[in-house]
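Just below is one structure, and these are the notes that go with it.
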Amino acid sequence: MALASIGPAPFPALSLPFPFRRRGGMSGRPPRPRMPEMPMEKTFDAKTAEPAVSAAWEAAGAFRAGANARPGAEAFSILLPPPNVTGSLHMGHAFNHTLMDILARWHRMRGDDVLWQPGLDHAGIATQMVVERELAREGNLSRREMGREAFVAKVWEWKEKSGGTILEQSRRLGDSFDLSRNRFTMDEGFHDAVLRVFVDFYRRGLIYRGKRLVNWDPHFETAISDLEVEQVEEKGHLWRLRYRLEGGETYRHPVAFDAEGRATGWEERDYLVVATTRPETMLGDTGVAVHPEDERYRHLVGRTVRLPLVGRSIPIVADAHADPEKGTGAVKITPAHDFNDWEVGQRQGLRAINVMDTRARIALEGNADFWEGADASEALAGLDGLDRYEARDAILTLAEEEGWLDGTDAETHVVPHGDRSKVAIEPFLTDQWYVDAATLARPALAAVRDGRTRILPERDEKTYFHWLENIEPWCISRQLWWGHQIPVWYDEDGAPYCAMTEAEARAQAGGKALTRDPDVLDTWFSSGIWPLGTLGWPEETPELERYYPTSTLVTGFDIIFFWVARMMMMQLALTGEVPFREVYIHALVRDEKGKKMSKSLGNILDPIELIDRYGADAVRFTLTAMAAMGRDLKLSEERIAGYRNFGTKLWNAARFAEMNDCQPDPGFDPEAVTLTANRWIVGETGRLRETLDAALAAYRFNDAANALYAHVWGKVCDWYVELAKPLFAGAGAAETRATMAWVLDQCLILMHPVMPFITEALWGEIAERGKLLCHADWPGYGAELVDPAADAEMNWIIGLIEDIRSVRAQLHVPAGARVPLVELELAPAQAEALERNRPLVERLARIERFERAEAPPRGAITLAREGGTFCLPLAGVIDVAAERERLARALDKLGKEAAGLRGKLANAAFLARAPEDVVDEQRARLEAAEAEIEVLKAAAARLADLERGA
RNA sequence: GGGCGAUUAGCUCAGCUGGUAGAGCGCCUCGCUUACACCGAGGAUGCCGGCGGUUCGAGUCCGUCAUCGCCCA
C-alpha cells in the first residue's frame, strides 16, 4: 500500500500533465510526498476541472479511432447524427450524445477498436434561411440581389466563421468522438460521393424526373418532401358557391325532409352548389365531381356548368372522391392546386390549370392554360398578382355581389404547412426529380425483417415497416442555392444528360451547348449516405473495410423516416450491405411539465447553462437515469441537482480514502481478502459489473445508471465507508485500506462512461497512473467475487444495525446516547457472525457494551432477528407508549403477511401446481414470520406487565 | 379515420421473461457521530385508471371501457 506516499511514483510519470492534480505533474516538479496540509476540497469543482480533463484527453489523442484498442480488437463504430452547421447544442443533442458517448467510452475501455465519427450537415433550407436572415440584419444585398455565386460564397464564409460551434459545445458534454476525422456533407470528397450516388441511381432508373403536384413552399419558393410538411388544424370556413348549369338546364333539388330523411320538398334550380375551403382556387377549376350514387346529382353527370368569373365551361363528373355527406355533395375540382383533385383529374381526364406563381400569387397574365376557354374581364384583371388570401377575399366579395355565393359555414380543417417556413403549403404543378423509393424500400424492409439490422425498441420497428410499406416517391430536388447542385445538364431541346462533370455530360451530348439544372438536392439525400460517405466511399478505404457496417446508430424517433430509413435504403442500394447492425431509437426530452421544449414556449433548458451550473457529469447522469427505453423524459432541474450531489458523494468517498491513506495497490487481489466486510464489498462490486454490462449491452441506460447509483451511494458510501472506520482501527486495517482503494478505483472505472469528468479527475487525484481513466481496462470479474457466506453474514449484520437504529429512533433514544445490547438467544452461526463483527455493530448502532442474559431484563425492548433475539435495556429511557405502538404496528404487518401466506399454503391447487421452490419459499417465509410474531408478542406482554407494575 | 403508447406513493418515473410493490425529489421526526449539510439516522404515504377473463398466483398476459399523449391520413 502507500506506494505513492514516499519517493517517486510507482509508474513512469504520464506524459500528460493534469492541471487539476495538485500533487506531482502539475508544475513539472517530481511527485512529492503526501501533503496533509493540502487535503482535497469538499466538493468537486467542475468548472475548473472539466476544461483540464478535456485538455488532457485531447493532448493524449484519447479518442482517435482505434485508441486503446487491444491487438486484434473488434471494431465498434458509431456515427454522430450530423447536426446542422447552423445548430447549437440543445437538450435533445445532449441526450443523444450522452448515450452515444457512454457506448463509445464503454467499448473503448473494453479494448474495442472504437470509431465515433463526428461531422456536420450543410442543412440546405435551414442554413440558407439563417444566412439570409443574417444578411438582412447586416443590411447587405439580399440573396436575389447578389446572385447565386456570391450568395453561396457568403454561406461558405459564414460556415467557416460560425459553423460548427455545436461540436465545440459537444466537448463540454464530454463527447469522445474523433474530431480529427470530422466531416461535412459539403466536403469535396463527400460532395463527389453524393454526385456519384445520383449518377448511379439515375443510370439504374432509380431517379427520374416527373411533372406532378408537389408540396410547394411559397415562402422559400421550393418544393419540399412529404416529410417536411406538417398538418396543422385550423379554424376556417366552408363556402358554398353556385355554378350555373349550361344549356338552360334545370332540376329539382330536395330542400325539405321528413324524420326518416326522405325528401318532402323540392325547389327548381338552374345551378349546382359546390362547397370549398379554398375559393381562390376556383380560377383553376376544370370540373365538378359528384358521387356516382348520389341521387341528388346523378342525372347531371355529363352536363356542364359555367365557371363564374372565368366563363370556362367545365364538366360534371361522377367520382367517388365526392363525399355525399360532406358540404353539398358536389365538389369543385382544381387538379393543379389540390392533391385529391389531381387524382380525380387524372381519373376523369380533366385539365390541370396552374393559376399561381411561385409565391402563391394569382398569375393570369400570359397564362395560356388559363385563358384557353376563359373570358377576359375587368374582374379577372383585378385579381391578377394578388396574394392567394387577398384573392380569396376578392373572389368572395365578387361572388356576393354577383349573387353566386350560396352561403358560409364555419369549419375546422387540416392545412398543410412547411415545417421550416410555417406557411401554408401550396400544391403546385412543377417538374421535379424523384427517387423511386418503393424499389429502394424492399431491401430496407428485408434487412430488418431478417435481422441483419435490429431496431430497438420494437415499437419503432413497426413504425419503420409501416412507413416503408406505404412509401411514396421521394422528391429530392429543391429550388435552393445552398446544397449539392444536381449533376444534370440539358441541351437546347431540354434533353437531360446526367454525369459527374459538365465535360462528361457534354461528351454524352455530342458537344451540344448545355445548361446545368439549377436545383440542389434535398439535404437528406446527402446525409442519407453519411455511413459510406464519412468512411471514404467510393474509395475502398481501410476505414470502410474496418468500420462498415457500423455497429450502432443512436438517434431520436423524429428522424426515423427522414434519416434512418433513407440510410438503410441508400446504403443497401449502393453496397448491398446494411449501414448498421443495431439502431437504438430514443425518445424526446421534454420540460418538466411534459411540454416539448421550444423557443416560442420559452421552456428551453440550455444544456450548456446547466453544465455551467451543475457540471457535465450531473447533466449526463440525469439524462442517462431517465433514459427508459422508448419513453419521453421530463427533465427537471432538481433532478440534475440531485445527481450533482451524487458526484459530490463519490468525491467525498475518495476524499475519505485519501484522508485514511488508502492507496491503490497494483498487486491487490480481490479474491484474497479475508474480512467479511471486505469480502462482501468485493462481491458487490463483482455483481455491479455484471449488472452494468448487461444493462449497457441491452441499451437499458436507466438500469445502468440506477445500478451505479445504488452501488456507490447505497453500498459503498452508506455502508462500506462506515464499516471501514472501525476496521481501520483493528487488525485488518491494511487489508481494509487496500480494499477501500480498490473498491473506489472500480467505482471510478465503472462510472466513467456515464460521468467521465469527475472520475477522470479523481483517477488522477488519487494516484499516479500509467494510463488515463478513459483508457483504463474494463474489468472482467463478476459474480465469482461473491462469497455467499460473507454476503449472508454482512446482510445479517447490516440488518441488525438497522433494527437497532430503527428502535432507537422510534423510541426517541437520544441520538448520541450509547446503550448496551443484550443477547438473549443466538444460533451458532449468528453468534459467530456477531463475534467477528462486534466493532462494526458497536460503532454503527452506538452500542455501549455487549451483554448476555437468559431472560429479558425488566423494561427492555426486544428485537427479533432471524437466528437471534436481542434486547435493548432501555427501562426509564424509553417512551412506553411509543414502544407499544411500535410493537402493534410490527405485529399488524407481520400478522397480515402470515395470514396471506397461510391462505396460500392452505390452497390445494397452489400446492399441486406451483413449482416446488416457490412453495418452499412461502413455507420458509411463514415460519420466519410466525417466529418473529412469537417474540414480539412476548415483548408486548412484558411491556403490558411493565405498564401495570409502573 | 388508421396506428402506436401511457394511466403505479404528493410530484417525476422504474418495475425486462407472471411468484414478498421500488427509486429520486418532496414531506415529517431526530442529528454538526471529524468523507460529505450538495450530509447522516429514522418515519409516513400505494383499491399499480375501471370492469371482465386466463392462471395455483396478475402491476406484469388477454379482452373491453374511460382519460391523456404521439405519429400517420
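Source: prediction; values computed, not measured. Chain letters run A, B, ... following the sequence lines, proteins first and then strands; every chain starts at 1. All heavy atoms count here, side chains included; hydrogens, waters and symmetry mates do not.
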I need the minimum non-hydrogen distance between A:Arg700 and A:Asp703, along with the two atoms involved. NE-OD2, 2.8 Å

Could you give the distance separating B:A21 and B:U45 at their P atoms, to the nearest angstrom? 15 Å

Which of these, A:Asp693, A:Thr691, A:Thr685, sits in a side-chain contact (heavy atoms from CB on, under 4.5 Å) with A:Arg689? A:Asp693

At less than 4.0 Å, is any side-chain N or O atom of A:Asn660 found next to OP1 or OP2 of B:A35? Yes or no. no

Atom CG in A:Leu744, atom CG in A:Leu748: separation rounded to 0.5 Å? 6.5 Å

Could you walk me through whether A:Glu690 and A:Arg687 pass the salt bridge (Lys or Arg N to Asp or Glu O under 4.0 Å) check? CA-CA 5 Å; A:Glu690 285 194 353; A:Arg687 265 202 270 262; over 6 Å; no

Determine the interatomic distance between P on B:G10 and the same-named atom on B:C70; round to the nearest Å. 26 Å

Using atom C1' of each nucleotide, how far apart are B:G18 and B:U60 to the nearest Å? 6 Å

Considering only the P atoms, how many Å lie between B:G52 and B:G57, rounded to the nearest integer? 16 Å

What contact category does A:Ser806 fall into here, base, sugar-phosphate, or nothing, at under 4.0 angstrom with non-hydrogen atoms? sugar-phosphate

Can you tell which of B:C71, B:C4, B:U33 lies closest to the side chain of A:Phe561? B:C71

Using only heavy-atom distances, decide whether a donor-acceptor pair under 3.5 angstrom links the side-chain of A:Arg639 to the base of B:C25. no

Rounded to whole Å, CG of A:Leu696 lies from C1' of B:C16 at a distance of 15 Å

Taking the six-membered ring of A:Trp474, is NZ or CZ of A:Arg566 closer than 6.0 Å to its centre and within 45° of its axis? yes

Between B:A35 atom C1' and A:Ile766 atom CD1, what is the distance in whole Å? 13 Å

Starting the side chain at C-beta, find the nucleotide from B:U20, B:A73, B:G19 nearest to A:Pro915. B:G19

Rounding to an integer number of angstrom, what distance separates B:G26 and B:A73 when you compare their C1' atoms? 44 Å

Assuming nearest nucleotide by heavy-atom distance, tell me which of A:Asp226 and A:Tyr709 is located more 5' along RNA chain B. A:Tyr709

Round to a whole Å and report the spacing from CG of A:Leu468 to C1' of B:C72. 14 Å

From B:C39, B:G5, B:G19, nucleotide with atom closest to A:Gln922 side chain: B:G19

Rounded P spacing from B:C38 to B:C25 in Å: 13 Å

Mind checking the OG1-CG spacing from A:Thr463 to A:Leu468? Nearest 0.5 Å is all I need. 11.0 Å

Without decimals, in angstroms, what is the distance between A:Tyr643 OH and B:C13 C1'? 10 Å

Identify which nucleotide among B:C70, B:G42, B:U12 has an atom closest to any side-chain atom of A:Phe557, counting heavy atoms from C-beta outward. B:C70

Could you tell me how far B:A41 sits from B:C32 if I compare only their C1' atoms? Round to whole Å. 13 Å

Please pick, from B:U12, B:C16, B:G19, the nucleotide with the shortest atom-to-atom distance to any side-chain atom of A:Val918. B:G19

May I ask you to say what A:Lys896 touches in the nucleic acid, namely base, sugar-phosphate or nothing, with a heavy-atom cut-off under 4.0 Å? nothing

Considering only B:A37, B:G40, B:G43, which nucleotide approaches the side chain of A:Lys42 most closely? B:A37

Has A:Lys725 got a side-chain N or O lying under 4.0 Å from the OP1 or OP2 atom of B:A35? yes

Taken to the nearest whole Å, CZ/A:Arg902 to P/B:U20 is 19 Å

Look at the side-chain N and O atoms of A:Trp713 and state whether any lies under 4.0 Å from the OP1 or OP2 oxygen of B:C38. no

When all nucleic acid strands are considered with a 4.0 Å heavy-atom cut-off, which category describes A:Arg805: base, sugar-phosphate, or nothing? sugar-phosphate

Nearest-angstrom distance, P atom, B:G63 to B:U17: 16 Å

Nearest to the side chain of A:Glu638, heavy atoms from C-beta on, is which of B:C30, B:G15, B:C25? B:C25

Where do A:Thr624 and A:Tyr643 land on the side-chain hydrogen bond (donor to acceptor under 3.5 Å, both in side chains) test, with the steps shown first? CA-CA 11 Å; A:Thr624 310; A:Tyr643 289 120; over 6 Å; no

Separation of atom CG in A:Asn702 from atom C1' in B:C16, rounded to whole Å: 10 Å

For A:Val721 and for A:Ile801, find the nucleotide of RNA chain B with the closest heavy atom, then tell me which residue's nucleotide is more 5'. A:Val721

Distance (rounded to the nearest 0.5 Å) between A:Cys747 SG and A:Trp713 CH2: 13.5 Å

Starting at CG of A:Leu926 and ending at P of B:U20, how long is that distance when rounded to a whole Å? 15 Å

Which dot-bracket string describes RNA chain B (Watson-Crick N1-N3 plus N6-O4 or O6-N4, or G-U N1-O2 and O6-N3, all under 3.5 Å; [ ] crossing; | other strand)? (((((((..((((.....[..)))).(((((.......))))).....(((((..]....)))))))))))).

From C-beta outward on A:Asn645, which listed nucleotide comes closest to its side chain: B:C39, B:A35, B:U20? B:C39

Could you tell me how far apart A:Trp719 (CH2) and B:A41 (P) are, to the nearest whole angstrom? 8 Å

Spell out yes or no: do the side chain of A:Lys649 and the base of B:C36 have one donor N/O and one acceptor N/O closer than 3.5 Å? yes

Whether A:His586 and A:Phe95 hold their rings parallel, tilted or perpendicular, with breakpoints at 30° and 60°: perpendicular

Looking only at the side chains, is there a donor atom on one of A:Thr648 and A:Asn645 sitting less than 3.5 Å from an acceptor on the other? no

Nearest listed nucleotide, side chain of A:Cys717, among B:A35, B:G15, B:C4: B:A35

